[in-house]
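Report on the following structure.
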Amino acid sequence: MHGAVLALSFGVSSALAAVYQNTENIVGPGFYNSFNFEAIPDPTTGRVNYVDQATATSANLTFASGDKFVLRADDTTVLDPSSAGRDSVRLQSKSAYSTHVAVFDIAHKPQGTWPAGETDILEGVNDQGTDQSTLHTAPGCTMPDSRPETGTPVSSDCDGTTPSNTGCGPAFNANGGGWYAMERTSDFIYVWFWARGDSSVPSDVAAGGSTVDTQFWGTPSAAFPNTSCDIGAFVAHNIIIHLTFCGAWAGDASVYASSGCPSTCYDFVNNNPSAFSDAFFEFNAINVYT
Ligand SMILES: *[C@@H]1O[C@H](CO)[C@@H](O)[C@H](O)[C@H]1NC(C)=O
Ligand SMILES: *[C@@H]1O[C@H](CO)[C@@H](O)[C@H](O)[C@H]1NC(C)=O
């Protein structure tokens with residue numbers, strides 16, 4: 001019994017011990033250098049019209065100052081039902097990442113309405129009050145029910161092709177800003193969240209410094225271990241930041257109704273621009289470490 005406990009803790013610490021060096025510090029106008037605007041049809045079939053950089057900046061849908069980067073959707077236009085959707089922004093990082101740590105220092109995340117705001121590590125629908133860290137994969141990838149994480153798993157099936165595409169992440173409370181961090185290795189993907197003002201935020205996370213050491217970060221909010229899924233075989237991924245409305249998940253009639261939202265999702269988006277005034281991201285920084 002005692003021996004088994006020791007063996008487990010050796011296994012965990014050898015998997016966690018890792019110091020990473022800062023390779024990208026993305027702040028303010030730097031977002032325009034590190035990301036491409038993707039004016040493409042929404043892959044999640046949301047009620048959005050992703051615009052290019054010139055359109056976004058002239059409409060102030062993206063805004064950069066010295067140390068802020070803001071990304072929002074149009075919050076003034078009542079939409080014709082036959083239009084392409086609410087003007088919004090989808091950014092994709094120019095770089096792709098395999099083994100790495102990314103720390104997202106977020107001053108404001110979309111809230112107060114019901115948008116599906118998501119990054120690769122942060123998703124929420126319909127003002128449900130919690131966020132999810134989610135892994136969306138091809139069929140056949142599942143997660144064990146018991147994982148070293150503080151969040152509560154909503155599903156163990158990561159198959160992004162299921163009808164509701166909820167993915168396999170846990171929900172955790174994340175109202176207001178804070179730090180989201182993701183560590184990806186060939187053995188696991190871990191996600192942490194610390195709220196602004198949380199005294200347990202590690203100093204290397206809060207400082208956005210030149211190195212981070214994830215072994216001191218504690219139990220992650222979400223853990224995706226390499227058990228049935230060969231995470232080492234996943235392709236390098238890009239960071240995607242976007243705001244979409246009524247996509248395959250948020251717009252699903254049962255998900256939408258259970259969130260207490262009025263009328264249909266499309267009607268609501270078309271007719272209530274001011275409901276999207278708080279649907280914006282404000283970033284202090286994204287730091288990438290390899
Ligand atoms: C653009 O958006 C930023 C961030 O929300 C805001 O501070 C600024 O006043 C806006 N500019 C205009 C011209 O509306
Ligand atoms: C990850 O899991 C897969 C399948 O379970 C296995 O083939 C692979 O060797 C594992 N990789 C590592 C790095 O443990």
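Predicted, not measured: the structure shown is a model, and the values here were computed from it. One-based numbering, in listed order, for ligands and for the atoms of each.
Linking ILVMFWY residues whenever their side-chain heavy atoms come closer than 4.5 Å, directly or via other members, places Y190 and W217 in the same cluster.
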Show your working on salt bridge (Lys or Arg N to Asp or Glu O under 4.0 Å) between D105 and R196 and close with a plain yes or no.
CA-CA 9 Å; D105 183 346; R196 190 82 48 201; 2.8 Å; yes
For residues 56-64, which side-chain N or O atoms pair as donor and acceptor with protein atoms under 3.5 Å away, sequence neighbours left out?
unit_1	atom_1	unit_2	atom_2	d
T57	OG1	Q53	O	2.9
T57	OG1	A54	O	3.2
S58	OG	A54	O	3.3
S58	OG	T55	O	3.3
T62	OG1	Y32	OH	2.9

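Closer than 4.0 Å to atom 9 (O) of ligand 1 lies none of the heavy atoms of the protein.
Listed by number with element, the atoms of ligand 1 under 4.0 Å from a non-hydrogen atom of R72 are 4 (C), 5 (O).
Listed by chain and number, the residues in a side-chain contact (heavy atoms from CB on, under 4.5 Å) with S200 are W194, D198 (sequence neighbours excluded).
Closest to atom 4 (C) of ligand 1, if we only count protein heavy atoms, is F63 CD2, 3.6 Å. Closest to atom 11 (N) of ligand 1, if we only count protein heavy atoms, is N60 ND2, 2.8 Å.
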